[in-house]
*Asks:* 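I'd like to ask some things about the structure below.
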Amino acid sequence: IAASCRSFSSATKVRHSSITSDTSLIPLIKVSISAFLLRRSGLASTAFRIVMRISLMSKVKLGEVAIEHKETCKGNKDGYPIVGLEHLVPEEVTLTAWDEGSDNTFTKMFRKGNVLFGRRRAYLKKAAVAPFDGICSGDITVIEAIPDRILPMLLPFIIQNDELFDFAVGKSAGSLSPRVKWEHLKN
(Lines give C-alpha, C1' and ligand atoms only; values in the text may rest on other atoms or scores of the structure.)
Protein backbone atom coordinates (compact mmCIF):
# COMPACT_ATOMS: atom_id res chain seq x y z
CA ILE A 1 0.00 0.00 0.00
CA ALA A 2 2.83 2.35 0.80
CA ALA A 3 4.23 1.68 -2.66
CA SER A 4 0.83 2.41 -4.19
CA CYS A 5 0.60 5.68 -2.28
CA ARG A 6 4.12 6.63 -3.40
CA SER A 7 3.09 5.78 -6.97
CA PHE A 8 0.06 8.00 -6.55
CA SER A 9 2.08 10.94 -5.28
CA SER A 10 4.65 10.60 -8.07
CA ALA A 11 1.91 10.15 -10.67
CA THR A 12 0.21 13.36 -9.53
CA LYS A 13 3.43 15.30 -10.09
CA VAL A 14 3.30 14.44 -13.81
CA ARG A 15 2.21 17.41 -15.92
CA HIS A 16 -1.45 17.41 -17.00
CA SER A 17 -0.52 17.11 -20.69
CA SER A 18 1.43 13.92 -19.93
CA ILE A 19 -1.52 12.33 -18.16
CA THR A 20 -3.91 13.03 -21.02
CA SER A 21 -1.49 11.61 -23.58
CA ASP A 22 -0.44 8.59 -21.50
CA THR A 23 -3.62 6.71 -20.59
CA SER A 24 -1.60 3.92 -18.97
CA LEU A 25 -1.38 6.08 -15.82
CA ILE A 26 -5.16 6.21 -15.36
CA PRO A 27 -5.55 2.67 -13.88
CA LEU A 28 -2.53 3.29 -11.62
CA ILE A 29 -4.05 6.51 -10.35
CA LYS A 30 -7.46 4.86 -9.75
CA VAL A 31 -5.90 1.91 -7.90
CA SER A 32 -3.65 4.17 -5.85
CA ILE A 33 -6.48 6.49 -4.84
CA SER A 34 -8.66 3.52 -3.85
CA ALA A 35 -5.86 1.95 -1.83
CA PHE A 36 -5.06 5.27 -0.14
CA LEU A 37 -8.70 5.86 0.84
CA LEU A 38 -9.12 2.32 2.14
CA ARG A 39 -5.90 2.64 4.13
CA ARG A 40 -7.08 5.91 5.63
CA SER A 41 -10.37 4.26 6.64
CA GLY A 42 -8.52 1.52 8.56
CA LEU A 43 -9.09 -1.21 5.98
CA ALA A 44 -5.43 -1.63 5.01
CA SER A 45 -5.50 -5.43 4.60
CA THR A 46 -8.63 -5.17 2.46
CA ALA A 47 -6.97 -2.44 0.41
CA PHE A 48 -3.93 -4.64 -0.16
CA ARG A 49 -6.13 -7.54 -1.36
CA ILE A 50 -8.01 -5.21 -3.70
CA VAL A 51 -4.78 -3.79 -5.13
CA MET A 52 -3.47 -7.32 -5.68
CA ARG A 53 -6.69 -8.43 -7.40
CA ILE A 54 -6.74 -5.33 -9.61
CA SER A 55 -3.14 -5.89 -10.65
CA LEU A 56 -4.05 -9.46 -11.70
CA MET A 57 -7.25 -8.50 -13.55
CA SER A 58 -7.70 -8.81 -17.24
CA LYS A 59 -10.47 -7.78 -19.59
CA VAL A 60 -13.15 -10.47 -19.93
CA LYS A 61 -16.56 -10.83 -21.50
CA LEU A 62 -19.59 -10.71 -19.22
CA GLY A 63 -20.44 -14.31 -20.17
CA GLU A 64 -17.08 -15.45 -18.77
CA VAL A 65 -17.88 -14.22 -15.25
CA ALA A 66 -21.68 -14.51 -15.14
CA ILE A 67 -24.52 -16.64 -16.45
CA GLU A 68 -28.19 -16.04 -17.13
CA HIS A 69 -30.18 -17.55 -14.27
CA LYS A 70 -33.04 -19.47 -15.90
CA GLU A 71 -35.58 -20.72 -13.42
CA THR A 72 -39.35 -20.60 -13.63
CA CYS A 73 -42.02 -20.85 -10.98
CA LYS A 74 -44.37 -23.62 -11.98
CA GLY A 75 -46.31 -23.88 -8.74
CA ASN A 76 -47.92 -21.53 -6.30
CA LYS A 77 -46.48 -17.99 -6.42
CA ASP A 78 -47.90 -16.95 -3.05
CA GLY A 79 -45.35 -15.44 -0.70
CA TYR A 80 -42.88 -14.43 -3.40
CA PRO A 81 -42.17 -10.73 -3.90
CA ILE A 82 -42.88 -9.55 -7.45
CA VAL A 83 -40.46 -7.27 -9.34
CA GLY A 84 -41.40 -5.53 -12.58
CA LEU A 85 -39.44 -3.01 -14.64
CA GLU A 86 -41.28 -0.23 -12.84
CA HIS A 87 -39.54 -1.29 -9.60
CA LEU A 88 -36.02 -0.89 -11.00
CA VAL A 89 -34.75 2.65 -10.49
CA PRO A 90 -32.44 3.96 -13.25
CA GLU A 91 -28.75 4.01 -12.28
CA GLU A 92 -29.50 2.58 -8.82
CA VAL A 93 -27.95 -0.75 -7.80
CA THR A 94 -30.25 -1.24 -4.80
CA LEU A 95 -33.75 -2.69 -5.22
CA THR A 96 -36.03 -0.60 -3.01
CA ALA A 97 -39.54 -1.37 -4.32
CA TRP A 98 -41.56 -4.46 -5.24
CA ASP A 99 -45.09 -5.84 -4.98
CA GLU A 100 -46.33 -8.60 -2.74
CA GLY A 101 -49.37 -10.76 -3.27
CA SER A 102 -50.44 -9.06 -6.48
CA ASP A 103 -52.05 -10.94 -9.32
CA ASN A 104 -49.62 -11.29 -12.24
CA THR A 105 -48.49 -13.54 -15.05
CA PHE A 106 -44.77 -13.47 -14.20
CA THR A 107 -43.02 -16.83 -13.85
CA LYS A 108 -39.30 -15.96 -14.00
CA MET A 109 -37.58 -16.69 -10.66
CA PHE A 110 -34.57 -14.92 -9.21
CA ARG A 111 -32.50 -15.64 -6.12
CA LYS A 112 -30.96 -13.40 -3.49
CA GLY A 113 -27.77 -11.84 -4.86
CA ASN A 114 -28.75 -12.13 -8.54
CA VAL A 115 -28.59 -8.98 -10.64
CA LEU A 116 -31.89 -7.96 -12.24
CA PHE A 117 -31.10 -6.27 -15.57
CA GLY A 118 -33.85 -4.36 -17.37
CA ARG A 119 -33.46 -5.71 -20.90
CA ARG A 120 -36.26 -3.59 -22.36
CA ARG A 121 -35.23 0.00 -23.12
CA ALA A 122 -31.67 -0.50 -21.86
CA TYR A 123 -31.04 3.22 -22.29
CA LEU A 124 -32.97 3.66 -19.00
CA LYS A 125 -30.02 1.98 -17.21
CA LYS A 126 -32.02 -0.25 -14.90
CA ALA A 127 -30.13 -2.95 -12.98
CA ALA A 128 -30.31 -3.87 -9.30
CA VAL A 129 -29.25 -6.57 -6.85
CA ALA A 130 -31.99 -8.85 -5.56
CA PRO A 131 -32.04 -8.70 -1.73
CA PHE A 132 -34.35 -11.76 -1.58
CA ASP A 133 -35.75 -14.62 -3.69
CA GLY A 134 -38.69 -13.63 -5.87
CA ILE A 135 -40.43 -13.55 -9.26
CA CYS A 136 -39.83 -10.97 -11.97
CA SER A 137 -41.03 -9.76 -15.35
CA GLY A 138 -39.90 -11.45 -18.53
CA ASP A 139 -38.39 -8.09 -19.53
CA ILE A 140 -35.80 -8.53 -16.78
CA THR A 141 -32.72 -10.66 -17.40
CA VAL A 142 -31.61 -12.41 -14.23
CA ILE A 143 -27.80 -12.53 -14.07
CA GLU A 144 -25.84 -14.71 -11.66
CA ALA A 145 -22.13 -14.36 -10.88
CA ILE A 146 -19.82 -17.34 -11.34
CA PRO A 147 -18.19 -17.26 -7.86
CA ASP A 148 -14.85 -18.78 -8.86
CA ARG A 149 -14.48 -16.19 -11.66
CA ILE A 150 -15.63 -12.98 -9.93
CA LEU A 151 -16.54 -11.81 -6.46
CA PRO A 152 -20.36 -11.87 -6.57
CA MET A 153 -20.56 -8.54 -4.72
CA LEU A 154 -18.66 -6.83 -7.58
CA LEU A 155 -20.97 -7.98 -10.39
CA PRO A 156 -23.69 -5.35 -9.81
CA PHE A 157 -21.14 -2.55 -10.11
CA ILE A 158 -19.69 -4.03 -13.28
CA ILE A 159 -23.15 -4.27 -14.80
CA GLN A 160 -24.33 -0.86 -13.57
CA ASN A 161 -21.92 1.16 -15.71
CA ASP A 162 -22.35 3.37 -18.75
CA GLU A 163 -20.18 1.29 -21.08
CA LEU A 164 -22.23 -1.87 -20.57
CA PHE A 165 -25.51 0.01 -21.01
CA ASP A 166 -24.21 1.71 -24.16
CA PHE A 167 -23.23 -1.72 -25.49
CA ALA A 168 -26.70 -3.08 -24.58
CA VAL A 169 -28.43 -0.20 -26.34
CA GLY A 170 -26.33 -0.84 -29.45
CA LYS A 171 -27.33 -4.53 -29.45
CA SER A 172 -31.04 -3.89 -28.74
CA ALA A 173 -33.62 -4.82 -31.38
CA GLY A 174 -37.10 -3.37 -31.89
CA SER A 175 -38.39 0.11 -32.56
CA LEU A 176 -41.10 0.92 -29.99
CA SER A 177 -39.78 -1.23 -27.16
CA PRO A 178 -36.19 -2.29 -27.94
CA ARG A 179 -34.87 -5.31 -26.04
CA VAL A 180 -31.42 -6.77 -25.67
CA LYS A 181 -30.84 -10.53 -25.42
CA TRP A 182 -28.48 -12.26 -23.00
CA GLU A 183 -26.75 -13.80 -26.00
CA HIS A 184 -25.63 -10.31 -27.02
CA LEU A 185 -24.87 -9.06 -23.49
CA LYS A 186 -22.62 -11.98 -22.59
CA ASN A 187 -20.36 -11.43 -25.60
Side-chain angles (χ1 to χ4, degrees), residues 30 34 37-38 43 46 50 53-54 57-187:
K30 287 180 181 178
S34 299
L37 292 175
L38 285 168
L43 300 172
T46 302
I50 289 172
R53 282 191 183 255
I54 289 173
M57 286 195 319
S58 59
K59 192 172 184 177
V60 296
K61 295 178 181 177
L62 183 58
E64 294 173 6
V65 296
I67 59 170
E68 180 180 16
H69 180 87
K70 293 183 178 183
E71 181 182 1
T72 56
C73 180
K74 295 183 172 117
N76 187 356
K77 296 188 277 186
D78 290 344
Y80 283 110
I82 310 298
V83 177
L85 281 176
E86 67 274 14
H87 298 114
L88 300 178
V89 178
E91 299 184 23
E92 180 60 47
V93 76
T94 305
L95 182 64
T96 57
W98 56 88
D99 286 333
E100 291 193 33
S102 65
D103 219 10
N104 66 72
T105 58
F106 301 163
T107 60
K108 187 183 279 191
M109 296 283 303
F110 61 85
R111 299 294 175 187
K112 181 178 181 177
N114 289 157
V115 176
L116 307 178
F117 181 88
R119 69 185 202 96
R120 187 177 72 181
R121 297 187 179 118
Y123 57 84
L124 293 175
K125 301 179 179 182
K126 293 184 172 190
V129 179
F132 46 71
D133 294 353
I135 299 172
C136 66
S137 161
D139 283 326
I140 294 175
T141 298
V142 180
I143 303 172
E144 179 180 351
I146 301 172
D148 59 335
R149 301 253 177 101
I150 187 172
L151 292 170
M153 65 186 206
L154 291 180
L155 184 62
F157 301 101
I158 291 169
I159 290 175
Q160 187 64 269
N161 77 68
D162 290 337
E163 286 182 32
L164 182 73
F165 281 109
D166 291 345
F167 180 78
V169 168
K171 296 294 183 177
S172 295
S175 57
L176 293 177
S177 189
R179 291 172 171 82
V180 65
K181 296 179 180 179
W182 171 250
E183 295 305 313
H184 293 128
L185 277 179
K186 72 177 188 176
N187 295 318

*Asks:* How many angstroms lie between NZ in Lys108 and NZ in Lys70, if you round to the nearest 0.5 Å?
*Replies:*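 Lys108 NZ to Lys70 NZ: 9.0 Å, rounded to 0.5 Å.
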*Asks:* Any side-chain heavy atom of Arg120 sitting closer than 4.5 Å to one from Pro178?
*Replies:*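 Sidechains of Pro178 and Arg120: no contact.
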*Asks:* Ignoring hydrogens, what is the shortest heavy-atom contact between Ala97 and His87? Give both atom names and the distance.
*Replies:*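 Heavy atoms only, the tightest pair is O-CB, 3.2 Å.
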*Asks:* Nearest 0.5 angstrom please: Leu85 CG to Ser137 OG, how far?
*Replies:*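 If I round to the nearest 0.5 Å, the distance is 5.0 Å.
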*Asks:* Apply side chain to side chain contact (heavy atoms under 4.5 Å, CB included) to Gln160 and Lys125, showing your working.
*Replies:* CA-CA 7 Å; Gln160 187 64 269; Lys125 301 179 179 182; 4.3 Å; yes
*Asks:* Tell me which donor-acceptor pairs under 3.5 Å the side chains of residues 164-177 have, and how far apart each pair is, sequence neighbours excluded?
*Replies:*
unit_1: Ser172; atom_1: OG; unit_2: Ala168; atom_2: O; d: 2.8

*Asks:* Measure the NZ-CD1 distance between Lys186 and Ile67 for me, rounded to the nearest 0.5 Å.
*Replies:*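 Result: 10.5 Å between the selected atoms.
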*Asks:* Does some side-chain heavy atom of Phe132 sit less than 4.5 Å from a side-chain heavy atom of Tyr80?
*Replies:*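 The answer is no; the side chains never approach within 4.5 Å.
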*Asks:* Val129 vs Thr94, test: side chain to side chain contact (heavy atoms under 4.5 Å, CB included). Steps then yes/no.
*Replies:* CA-CA 6 Å; Val129 179; Thr94 305; over 6 Å; no
*Asks:* Rounded to the nearest 0.5 Å, how far does CD1 of Ile159 lie from CG of Leu155?
*Replies:*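 Atom-to-atom, Leu155:CG and Ile159:CD1 are 4.0 Å apart.
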*Asks:* Kindly give the heavy-atom pair with the smallest separation between Leu62 and Leu185, and that separation in Å.
*Replies:*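 Scanning both residues, the minimum pair turns out to be CB-O, 3.7 Å.
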*Asks:* Minimum heavy-atom separation for Phe157 and Val93, please, with both atom names.
*Replies:*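 Taking Phe157 first and Val93 second, the nearest heavy atoms are CE2-CG1, 4.0 Å.
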*Asks:* Identify the two heavy atoms, one from His184 and one from Val180, that lie closest to each other, and give their separation to 0.1 Å.
*Replies:*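 Between these two residues, the closest heavy atoms are CB-CG2, 4.2 Å.
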*Asks:* Please determine if Arg111 and Glu71 form a salt bridge, counting it only when a charged side-chain N lies under 4.0 Å from a carboxylate O.
*Replies:*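 A salt bridge is present here (some side-chain N lies under 4.0 Å from a carboxylate O).
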*Asks:* Using a 3.5 Å cut-off and no angle test, enumerate the donor-acceptor pairs between side-chain atoms of residues 140-153 and protein atoms at least two apart in sequence or in another chain.
*Replies:*
unit_1: Glu144; atom_1: OE1; unit_2: His69; atom_2: ND1; d: 2.9
unit_1: Arg149; atom_1: NH1; unit_2: Glu64; atom_2: O; d: 2.8

*Asks:* Working to the nearest 0.5 Å, report the span between CG of Asp139 and CZ of Arg179.
*Replies:*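 Output value for this atom pair is 4.0 Å.
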*Asks:* Over all heavy atoms of both residues, which pair between Ala66 and Trp182 is shortest? Give the atoms and the distance, please.
*Replies:*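 Result for this residue pair: O-CZ2, 3.6 Å.
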*Asks:* So which heavy atom on Asn104 is nearest to which on Phe106, and how close?
*Replies:*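 Between these two residues, the closest heavy atoms are OD1-N, 2.8 Å.
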